[in-house]
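Every chain is numbered from 1, with letters handed out A, B, ... down the list of sequences. When reading the values below, keep in mind they use all heavy atoms of this one structure, side chains included, and skip hydrogens, waters and symmetry mates.
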Amino acid sequence: MTPLVTLFNFLLIVVGGFSAGLLGSLTGLGGGTVLVPLLTIFYGIPIIYATGASLISTIATSAGSASAYVKERISNVKIGIGLEVATTAGAIIGSLLAVYVYDHRLQWIIYVLFGAVLLFSLYPTAQKGRHEIPPLKKPDWTTRIFQMTGVYYDAKLKKDVHYNGVKWWAGEIVMLFAGIISGLLGIGSGAMKVLGMDWAMNLPMKVTTTTSNFMVGITAATGSSIYWYAGYIQVFIAAATAIGVLAGSFVGTKILVRMSNKNIRWLFFAVLSFLGVEMLLKGLASNNSFVTSGTVRLALSALTSVILISCLFLVIRKQEAEDVKV
Amino acid sequence: MSKYEFNDILSVVLRLGVVISIILLATGVALIFMMHGADGYSIDQIASYGTGTGASSFSLNSSSLPLTGLLNGVIHLNGLYFISLGLWVLIFTPISIVLISLAEFAYLKNRLYVALSIIVLFDLFFAMLVVPIYFHV
């Protein structure tokens, strides 16, 4: 290969990273979750290097966007650090599990798990914005001990929003799993973190998403250093994706603010579900237990994702209609 | 340190970490192309991710880039080590956030959160310093 071809390949990976960052920020799922399927399915990059590059890129995007949210005082740094106790521990467990899996050439497990996590993340992510501010719950004992009372200024509602976080322990349990998934699959697992803070701890959506954003970097840094020594980071790929994903998510955030038609998000969800199904099937195929023909698999993934997203669309539309009635 | 300053410092450190890292990464890639490789590896070898067989199954990854060579590599304008340094700056950015938070909690005499930040830092350094001991080499 001439250097020019290699340079072209480098730029091609940057473009892939850019698309992943863009799609990740427009859907709220994060760049890494889109990057890994993109690199493995369309670029033929081994999943071991795809996850390594993804984990590194996740730190870049997290730091980039958290910078703004921390400054605006929407992220709750205190709650974030407290929950990192579990995510960092989880990330160590997850990365070591990854080392075990790759040492035993069980790559198919990573594909299948990745597909499953991606598909399961779609539902809570698509619901986003449904309960912007949860009803103020009575503080429990953990609210007091872990000082989880907070306030932020909501620019859209033009008022201060007060909140009490509850059930700190429940949050920690979810975070442990989020950390394990992050270390194992090389993603930030932001969707799962949001789930923990939203469902378990009753925090407002804005606080939840921005705090998760801030936390993702710390979790990914834990996994990254283990990935580094294990040799899962191909620096050429990682450099390309870090630059690409960062740029993509930056542009994504700008577009998101201006995007007037929220229904367009469904198109992106369809793409994500396609990637999810394809990962799942690819994993099963490499284990020789399911359709091994590439073309048939792609068609099957496309079909399944269309059905899946249509169902999800209808379910969430119905929920929204009920919300309006109430 | 007031609450006001604390958030602003975090914000600046986060942004600075990303900017420095991206500059290092881009410089590293540019150096590799200008010098036709780095560290005795050709551009092809550096870019390869080993999906082929035989000679093309080779791939250069982080396990063959010792951190002890980092300083020396950067001084000698070795592109690979520029990228490595950029990636490590990225990894250290969130770590420095935890360190700054620890300082803030200590200043506010918030013992519980001092303890929690220390546990998080312990996890981070455990992953960086203790876990690798049990790897190959």
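- Only the side chain of F105(B) has a heavy atom closer than 4.5 Å to any heavy atom of chain A.
- Proximity to chain A (any heavy atom under 4.5 Å) is restricted, for I83(B), to the side chain, taken from C-beta onward.
- Neither the backbone nor the side chain of L24(B) comes within contact range of chain A; no heavy atom of the residue lies under 4.5 Å from a heavy atom of that chain.
- With chain A as partner, the option from V19(B), N110(B), L102(B), I95(B) having the largest number of non-hydrogen pairs under 4.5 angstrom is N110(B).
- Heavy atoms of Y227(A) lying under 4.5 Å from chain B belong exclusively to its backbone.
- Comparing S225(A), G64(A), S95(A) by heavy-atom pairs within less than 4.5 Å of chain B, the highest count is held by S225(A).
- Ranked by heavy-atom pairs shorter than 4.5 Å toward chain A, the options I43(B), L112(B), L10(B) are led by L112(B).
- Taken to the nearest 0.5 Å, the OG atom of S75(A) stands 8.0 Å off from the CG atom of N7(B).
- In terms of non-hydrogen atom pairs under 4.5 Å with chain B, the most contact-rich of A86(A), G52(A), A242(A), A63(A) is A63(A).
- When atom types are taken as modelled, the side chain of E84(A) and the backbone of I119(B) share no donor-acceptor pair closer than 3.5 angstrom.
- Here I91(B) is the residue among L25(B), L121(B), I91(B) with the most heavy-atom pairs under 4.5 Å with chain A.
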Going through the checks in order, is the side-chain contact (heavy atoms from CB on, under 4.5 Å) test met by L65(B) and W228(A)? CA-CA 9 Å; L65(B) 294 168; W228(A) 181 278; 4.3 Å; yes
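- Per-residue counts of heavy-atom pairs under 4.5 Å with chain B were compared for I56(A), I243(A), L7(A), V99(A); the largest is that of L7(A).
- The backbone N or O of S63(B) lies less than 3.5 Å from no partner atom in the side chain of Y232(A), so there is not a single donor-acceptor pair.
- For a residue to count as touching a neighbouring chain, one of its non-hydrogen atoms must lie under 4.5 Å from one of that chain's; by this rule V18(B) touches chain A with the side chain only.
- Contacts between I48(A) and chain B at a heavy-atom distance below 4.5 Å are absent for every atom of the residue.
- At a 4.5 Å heavy-atom cutoff, the contact between S101(B) and chain A is made by side-chain atoms alone.
- The only option from D123(B), L124(B), V130(B) that meets the side-chain contact (heavy atoms from CB on, under 4.5 Å) definition with I92(A) turns out to be D123(B).
- Between L90(B) and I59(A), the shortest heavy-atom contact is O-CG2, 3.3 Å.
- For a residue to count as touching a neighbouring chain, one of its non-hydrogen atoms must lie under 4.5 Å from one of that chain's; by this rule L55(A) does not touch chain B.
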Start with the C-alpha distance between N61(B) and Y49(A), add both sets of side-chain angles, then the distance that settles side-chain contact (heavy atoms from CB on, under 4.5 Å), and finish with yes or no. CA-CA 9 Å; N61(B) 63 45; Y49(A) 292 146; 3.0 Å; yes
